[in-house]
Amino acid sequence: MIDLKLLRDDPERVRASQRARGDDPALVDALLAADEARRTAVSYADNLRAEQKAVSQSVRGASPEERPAVLERAKQLSTEVKEAEVAQTEADAALRVAHLAVPNVIAGAPPGGEADFVVLEHVGDVPSYDFPVRDHLDIGTLLSAIDTERGAKVSGSRFAFLTGDGALLELALINLAMAQATAAGLIPVIAPALVRPEAMEGTGFLGAHAAEVYKLENDDLYLVGTSEVPLAAYHSGEVLEKLPLRYAGYSSCFRREAGSHGKDTRGIIRVHQFEKVEMFSYVDPAAAEAEHQRLLEWEKQFLTLLELPYRVIDVAAGDLGSSAARKFDIEAWLPSQERWLELTSTSNCTDFQARRLGIRMRGEKGPQAAATLNGTLCAVGRTIAVLLEVHQQADGSVHVPKALQPFLGGRTELRPA
RNA sequence: GGUGGCGUGUCCGAGCGGCCGAAGGAGCACGCCUCGAAAGCGUGUGACGUGGCAACACGUCCGUGGGUUCAAAUCCCACCGCCACCGCCA
């Protein structure tokens, strides 16, 4: 939810943000009107309540003669207050709906839609191979590391078994990511993958993404698509005494992939269940931009450790989630398809997400909304896919990056049996 | 899954349907005392909303949501959570 004070002071800035996103600026004016209507309703009800309270108090002190009249007046006020409160509740609800409809105010993101991203930098050279390149599923099959056929047999399409070196590689990546995060001072967390509706709603995943989310109807719980959800809800409703707070959360992630029929159907690039280590920061809003850069640096560091070439893009306003003010994606080179593939994503949500979740910090003038930021450290399945492809060798073996070797028993390559 | 108990401010903890935003502690902050500290003494110490430049005023909040009443932390109902015991179980 955006800051209503900002909205009142500078509505044009919010309208401009809407235009940059390709969203409707009229939502801003609807919100302004709802805010105004609510304040009117609150004032009216407040005044009535004050009067009712006073009259109610005087019931005790009233003499027997005047008592019936006072009680009569009190009853009448009671009815009026109830009506005023209904009106206030309705105005509150209307404001909330209008409030939720306005996404975060963008901060520095390039205008335009999905195709209008800006490439900020390239790191490493796009690899070339003097042998026919295999894709990750072929390599994974040769290594007996990935089994999508049995994944489909047991669980359906977009599921896979990781076996042998595939399973070990997954654990190694998680351990490397956690080791890096811990060395950087982040608090390691293993988070629940099942959350209550409030957590899902509070983080904004039941809005545009609702169709992507698995729900357990019998238990009123949701499977998280990212540990951003439990990590953000972790401090919901709290006033945080000392910031920054930084977490590295590991969890399984579940996505229905409802809108991606026919897309990335081969291998494990897009599956319903994958493992991920996610970074999450709570900071003073004044420090949010610097924190965003810090998260990006950690993401780059991890890919550098894996010896993967990549590029960093500044995602355009129209392609941001509703909570994000700015987002950087890192895309790694996928040799089999000769294209860039999104491996990580880091968003600065400023105080937008925190306001909805009631996450506050001690500010100059008392508690105020904190800023939250998230960033992928390692989306394991996809990273395995890219790793196998980039580091493949002519004979079907795969080079193991130096940093990963200690987590794979010192092995320097993976070979078909 | 069953039975019982409990949810009050940063924490502990009291609270007769009106005089309770809430006793009393602790903690914390500031001041006095001290060479300095501890102890002691004194003062202060929630959030949110609306109006106001501000001091401040009014309103809301005693797990959440309903209900009864002129009036609810206090009575009733539902839900959520916590604790204990039993059952089951990786």
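In what follows, chains carry the letters A, B, and so on, assigned in the order in which the sequence lines appear, proteins first and then strands, with residues in each chain numbered from 1. This one's a predicted model, so the numbers in the text were calculated from it and none came from an experiment.
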Participant: Expressed in angstrom and rounded to an integer, what is the separation of A/Glu201 atom CD from B/C80 atom C1'?
Facilitator: 15 Å
Participant: With respect to A/Asp3, which candidate in A/Arg8, A/Arg355, A/Gln368 satisfies the side-chain contact (heavy atoms from CB on, under 4.5 Å) definition?
Facilitator: A/Arg355
Participant: Given the C1' atoms of B/C83 and B/C77, what is the spacing between them in whole Å?
Facilitator: 23 Å
Participant: A/Gln76 near the nucleic acid: base, sugar-phosphate alone, or nothing, with a heavy-atom cut-off under 4.0 Å?
Facilitator: nothing
Participant: In the strands shown, is B/C19 matched to any nucleotide by a Watson-Crick or G-U wobble pair with both distances under 3.5 Å, and which?
Facilitator: none
Participant: For the residue pair A/Thr226 and A/Cys253, what are the closest heavy atoms and their distance?
Facilitator: CA-SG, 3.7 Å
Participant: OP1 or OP2 of B/U60 sitting under 4.0 Å from any side-chain N/O of A/Lys53?
Facilitator: yes
Participant: Within the side chain of A/Arg356, is there an N or O that forms a donor-acceptor pair under 3.5 Å with the backbone of A/Glu201?
Facilitator: yes
Participant: Establish, with yes or no, whether the OP1 or OP2 oxygen of B/G51 is under 4.0 angstrom from a side-chain nitrogen or oxygen of A/Arg39.
Facilitator: yes
Participant: Is the phosphate of B/C48 approached by A/Arg360 (side-chain N or O, under 4.0 Å from OP1 or OP2)?
Facilitator: yes
Participant: To the nearest angstrom, how far is A/Leu48 atom CG from B/G51 atom P?
Facilitator: 17 Å
Participant: Once you apply the 3.5 Å cut-off to both distances, tell me the Watson-Crick or G-U wobble partner of B/G31, or none.
Facilitator: B/C41
Participant: Among B/G49, B/A71, B/C58, which nucleotide has an atom closest to any side-chain atom of A/Arg38?
Facilitator: B/G49
Participant: Using 30° and 60° as the class boundaries, would you call the ring planes of A/Tyr247 and A/Tyr282 parallel, tilted or perpendicular?
Facilitator: perpendicular
Participant: What's the CD1-P distance between A/Ile359 and B/C48, to the nearest Å?
Facilitator: 15 Å
Participant: Go ahead and name the base partner of B/C62; Watson-Crick or wobble counts if both distances stay under 3.5 Å, otherwise write none.
Facilitator: none
Participant: Please confirm whether any donor atom in the side chain of A/Asp46 sits under 3.5 Å from an acceptor in the base of B/G51, or the reverse.
Facilitator: no
Participant: Rounded to whole Å, how long is the line connecting atom CZ of A/Arg49 with atom C1' of B/G51?
Facilitator: 15 Å
Participant: Can you see if the side chain of A/Ser78 gets near the phosphate of B/A71 - specifically, an N or O under 4.0 Å from OP1 or OP2?
Facilitator: yes
Participant: Can you tell me the base-pairing partner of B/C75? Count Watson-Crick or G-U wobble geometry only, both distances below 3.5 Å, and say none if there is no partner.
Facilitator: B/G67
Participant: Just to be sure I understand the rule, does A/Arg8 reach a base, reach only the sugar-phosphate, or reach nothing, if contact means heavy atoms closer than 4.0 Å?
Facilitator: sugar-phosphate
Participant: Nearest whole angstrom, please: distance from the C1' of B/G51 to the CG of A/Asp35.
Facilitator: 14 Å
Participant: Across all strands shown, which nucleotide pairs with B/G51 by Watson-Crick or G-U wobble geometry, both distances under 3.5 Å?
Facilitator: B/C56
Participant: Could you give the distance from CG (A/Leu245) to CG (A/Leu231), rounded to the nearest 0.5 Å?
Facilitator: 11.5 Å
Participant: Which nucleotide, if any, forms a Watson-Crick or G-U wobble pair with B/C85, using both distances under 3.5 Å?
Facilitator: B/G2
